[in-house]
Amino acid sequence: MSGEPIRVVAGMPPITRTQLALYGGASGDHNPIHIDIDFAKAAGFPDVFAHGMLVMGLAARAVTGAVPLSRLKSYGVRFTAITQVHDRLTVEAVETGVTEAGDRRLDVTVRDQNGQVKVQGEALIAAG
C-alpha cells in the first residue's frame, strides 16, 4: 500500500429478498422481519428490511477490496437507519488520520440511493 491516503467508494447492487434469505440462513438470523413481508407489515413496516450485520459485512468487503484483509486490525460500526429491500447502497471509506504506530484510520459510511446514512463506523488498517 502506498503512502497515498486511502479512499474507497463502492456502489453495491440493490438489496434483494434472495440476498436476505441467504444471509439469514448463513448467519442463523431467521427473524421473520427480514424475510416475511406479512410479518413486516404487521409490525408496521412497509416491507422486509436488511439485517444490519449484512450491511456491515458489505461495507467490510468494500474496505478489504482496497486493502488486504490481513492488514485490517479493527472494524466497528453503528447502525443508524433501516436498509430497505431494493435499496442501492454506496460504501465510502476515507482515511482520516494515522496513529502514532503508523496505523491508518478510516471513517466508513454506508448511504442509500437518497443519501441517507445507514451505517457509520471506523476501520483501522495496520501500518506497513
Side-chain angles (χ1 to χ4, degrees):
M1 186 178 337
S2 72
E4 293 294 315
I6 300 169
R7 179 175 167 83
V8 177
V9 178
M12 302 288 163
I15 299 293
T16 67
R17 294 177 197 285
T18 300
Q19 187 177 24
L20 299 183
L22 290 171
Y23 183 82
S27 69
D29 182 348
H30 301 288
N31 186 331
I33 202 81
H34 301 298
I35 57 172
D36 183 336
I37 190 169
D38 293 329
F39 184 91
K41 285 184 176 186
F45 296 97
D47 203 341
V48 298
F49 53 88
H51 306 72
M53 295 298 286
L54 170 61
V55 179
M56 180 184 182
L58 292 171
R61 185 170 60 183
V63 170
T64 59
V67 298
L69 177 60
S70 62
R71 303 274 300 279
L72 182 63
K73 290 181 78 171
S74 66
Y75 174 66
V77 304
R78 162 174 77 83
F79 306 106
T80 59
I82 290 173
T83 300
Q84 298 293 330
V85 69
H86 307 302
D87 274 355
R88 290 183 171 274
L89 303 177
T90 300
V91 177
E92 184 174 20
V94 178
E95 186 172 329
T96 57
V98 179
T99 68
E100 289 182 19
D103 298 336
R104 299 162 89 170
R105 291 192 188 285
L106 305 180
D107 275 348
V108 180
T109 306
V110 180
R111 291 182 177 84
D112 69 9
Q113 65 279 0
N114 300 313
Q116 183 181 33
V117 175
K118 302 297 184 170
V119 168
Q120 180 72 49
E122 182 177 272
L124 187 63
I125 309 301

Only pairs under 3.5 Å count here: list side-chain donor-acceptor contacts from residues 76-83, not counting sequence neighbours, and write none if there are none.
{"unit_1": "T80", "atom_1": "OG1", "unit_2": "V117", "atom_2": "O", "d": "2.7"}
{"unit_1": "T80", "atom_1": "OG1", "unit_2": "K118", "atom_2": "O", "d": "3.2"}

**Message:** Name the residue from I6, T96, V98 that meets the side-chain contact (heavy atoms from CB on, under 4.5 Å) definition with R105.
**Reply:**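 The single option meeting the side-chain contact (heavy atoms from CB on, under 4.5 Å) with R105 is T96.
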Is a side-chain donor or acceptor of [X] paired with a backbone partner of [Y] at a separation under 3.5 angstrom?
| X | Y | answer |
| --- | --- | --- |
| R71 | A126 | yes |
| Y75 | A59 | no |
| D112 | N114 | yes |

Throw together a table of side-chain donor-acceptor distances under 3.5 angstrom for residues 35-45, partners on residues two or more places apart or in other chains.
{"unit_1": "D36", "atom_1": "OD1", "unit_2": "D38", "atom_2": "N", "d": "3.0"}
{"unit_1": "D36", "atom_1": "OD1", "unit_2": "F39", "atom_2": "N", "d": "3.1"}

Closest heavy-atom pair and its distance - [X], [Y]:
| X | Y | answer |
| --- | --- | --- |
| E95 | P5 | OE1-CA, 3.3 Å |
| V94 | R7 | CG2-NH1, 3.4 Å |
| A127 | D103 | N-OD1, 2.8 Å |

ILVMFWY network linking [X] to [Y], side-chain heavy atoms under 4.5 angstrom:
| X | Y | result |
| --- | --- | --- |
| I15 | V119 | yes |
| I33 | L54 | no |
| L89 | V63 | yes |
| V67 | L124 | no |

**Asked** Can you check whether V91 reaches V8 side chain to side chain, under 4.5 Å on heavy atoms?
**Response** no
Show me the donor-acceptor pairs, under 3.5 Å and distance only, between side chains in residues 18-27 and residues at least two apart or in other chains.
{"unit_1": "Q19", "atom_1": "OE1", "unit_2": "T16", "atom_2": "N", "d": "3.3"}
{"unit_1": "S27", "atom_1": "OG", "unit_2": "Y23", "atom_2": "O", "d": "2.9"}
{"unit_1": "S27", "atom_1": "OG", "unit_2": "D29", "atom_2": "N", "d": "3.1"}

**Asked** Just wondering, are more than 12 heavy atoms of other shown residues or ligands nearer than 6.0 Å to CZ in R17?
**Response** yes
**Request:** Please lay out, stage by stage, how T90 and V9 fare under the test side chain to side chain contact (heavy atoms under 4.5 Å, CB included).
**Result:** CA-CA 7 Å; T90 300; V9 178; 3.9 Å; yes
**Message:** Parallel, tilted or perpendicular, judged at 30° and 60°: which one describes the rings of H34 and H51?
**Reply:**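 Parallel: the ring planes of H34 and H51 meet at under 30°.
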**Request:** Go through the steps to decide whether L58 and V110 satisfy the test side chain to side chain contact (heavy atoms under 4.5 Å, CB included), and finish with yes or no.
**Result:** CA-CA 9 Å; L58 292 171; V110 180; over 6 Å; no
